[in-house]
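What follows is a short report on a single structure.
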Amino acid sequence: MCHVIVTCRSMLWTLLSIVVAFAELIAFMSADWLIGKAKPVNSEDTDNRTGGSQEPYHPTLGIYGRCTRISHVQVSRRDTLCGPYAENFNEIASGFWQATAIFLAVGIMILCAVAFVSVFTMCVQSVMKKSIFNVCGLLQGIAGLFLILGLMLYPAGWGCQKAVSYCGHYASAYKLGDCSLGWAFYTAIGGTVLTFICAVFSAQAEIATSSDKVQEEIEEGKNLICLL
């Protein structure tokens with residue numbers, strides 16, 4: 001018989017697992033890893049309606065994507081164009097960034113799988129006599145290691161030609177030059193920290209769903225068990 005067991009700790013772990021997976025996925029897909037040096041303002045950047053100058057535009061560069069401003073020939077309006085600069089994996093700007101993409105992709109796939117499984121832990125708490133929470137926590141720890149490897153290799157690619165074109169000639173491995181780090185990089189770091197927190201917290205979720213109070217509720221014949 002299926003028993004639906006909901007506790008504060010198990011629900012919190014499930015929500016954190018989902019948030020971490022989405023945060024890492026969004027960061028990986030974003031082009032806001034590096035914020036390039038500002039493009040100089042010229043007379044063409046003047047707003048015809050107000051007569052004022054627009055703020056300098058900062059192009060952004062991601063692991064495989066970029067955002068830049070394009071000019072229309074017939075009108076003074078500027079549009080921001082975002083998309084992948086690499087049509088395939090081999091066209092990613094740096095070998096280090098290729099390794100980063102692999103490690104992050106593996107880690108994110110594990111996190112997404114755990115997030116999917118975590119939704120069903122309310123009904124199924126063990127498989128083949130193994131606690132799902134403990135297995136998921138182990139997988140989250142492994143995913144966190146992949147994420148750390150990817151984030152450590154990423155700055156080594158700052159000296160590639162693509163990064164230099166955005167960050168100036170002073171850019172090199174682990175030196176940003178004229179660039180600054182974007183929100184996607186910080187999101188990836190924050191997600192990695194939360195991944196290890198989730199891995200540790202999974203043990204608390206397992207304890208909460210197998211406590212004596214839960215067993216008492218099961219013995220009383222209840223199918224829906226909600227505990228603080």
### Task
Could you give me the CA-CA distance, side-chain angles and deciding distance for Val117 and Ile132, then say whether side-chain contact (heavy atoms from CB on, under 4.5 Å) is met?
CA-CA 8 Å; Val117 172; Ile132 289 183; 3.8 Å; yes
### Task
Assess whether side-chain contact (heavy atoms from CB on, under 4.5 Å) is satisfied between Phe133 and Arg9, documenting all intermediate values.
CA-CA 11 Å; Phe133 296 102; Arg9 282 178 284 181; over 6 Å; no
### Task
Apply side-chain contact (heavy atoms from CB on, under 4.5 Å) to the pair Ser202 and Cys136, showing each step before the final yes or no.
CA-CA 7 Å; Ser202 65; Cys136 287; 5.6 Å; no
### Task
Let me see the working for Arg66 and Trp33 under side-chain contact (heavy atoms from CB on, under 4.5 Å), right down to the final yes or no.
CA-CA 9 Å; Arg66 54 90 181 96; Trp33 284 71; over 6 Å; no
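No side-chain heavy atom of Phe96 sits less than 4.5 Å from a side-chain heavy atom of Tyr154. Counting heavy atoms from C-beta outward, Asp32 and Thr187 have side chains that stay 4.5 Å or more apart. Put simply, the side chain of Val20 does not reach to within 4.5 Å of the side chain of Val114, judged on heavy atoms. Using a 4.5 Å cut-off on side-chain heavy atoms (C-beta onward), Phe196 and Leu145 make contact. Residues Glu24 and Thr192 are in side-chain contact: their nearest non-hydrogen atoms beyond the backbone lie under 4.5 Å apart. Contact annotation: the side chain of Phe185 approaches that of Leu151 to within less than 4.5 Å [non-hydrogen atoms, C-beta and beyond]. Under the 4.5 Å side-chain criterion, counting only non-hydrogen atoms from C-beta, Trp158 is not in contact with Cys167.
A single hydrophobic cluster is seen to contain both Leu181 and Ile189, as judged by linkage of ILVMFWY side chains at heavy-atom distances under 4.5 Å, directly or through other members. Linking Ile, Leu, Val, Met, Phe, Trp and Tyr whenever their side-chain heavy atoms come within less than 4.5 Å leaves Leu34 and Ile26 in two separate clusters. Hydrophobic cluster membership differs between Leu147 and Met152, with clusters built from Ile, Leu, Val, Met, Phe, Trp and Tyr side chains linked at under 4.5 angstrom. Connection of Leu194 to Tyr186 is established within a shared hydrophobic cluster, with ILVMFWY side chains joined at heavy-atom distances below 4.5 Å, either directly or through further cluster members. Note: the hydrophobic cluster containing Val200 does not contain Ile197 (ILVMFWY, side chain heavy atoms under 4.5 Å, direct or indirect links).
Atoms OH and CD1, on Tyr85 and Ile92 in that order, are 6.0 Å from each other to the nearest 0.5 Å. The distance from atom CH2 of Trp183 to atom CD1 of Ile35, rounded to the nearest 0.5 Å, is 10.5 Å. The distance from atom CZ of Phe89 to atom CD of Gln98, rounded to the nearest 0.5 Å, is 4.5 Å. The OG1 atom of Thr60 sits 7.0 Å away from atom OH of Tyr166, with the distance rounded to the nearest 0.5 Å. Between atom OG1 of residue Thr100 and atom CZ of residue Phe28 there is a gap of 9.5 Å, rounded to the nearest 0.5 Å. A distance of 6.5 Å separates CG of Leu111 from CD of Gln140, quoted to the nearest 0.5 Å.
No donor-acceptor pair under 3.5 Å is formed between the side chain of His58 and the backbone N or O of Lys37. Ser30 places no side-chain N or O within donor-acceptor distance of the main-chain N or O of Ala27, the cut-off being under 3.5 Å.
For Ala199 against Gly137, the heavy-atom pair with the smallest separation is CB-O, 3.4 Å. Closest heavy-atom contact between Trp13 and Ala205: CB-CB, 4.1 Å. Between Ala156 and Ala173, the shortest heavy-atom contact is O-CB, 3.6 Å. Of all heavy-atom pairs spanning Val164 and Ala171, the tightest one is CG2-O, 3.9 Å. The shortest heavy-atom contact between Ala143 and Gly107 is CB-O, 3.6 Å. A pairwise comparison of heavy atoms in Ala99 and Leu153 identifies CB-CD1, 3.7 Å as the closest pair.
The ring pair (Phe, Tyr, Trp, His ring centres under 6.0 Å) test applied to Phe116 returns Phe120, not counting sequence neighbours.
In Phe22, the CZ atom is not crowded: 12 or fewer heavy atoms of neighbouring residues, nucleotides or ligands sit closer than 6.0 Å.
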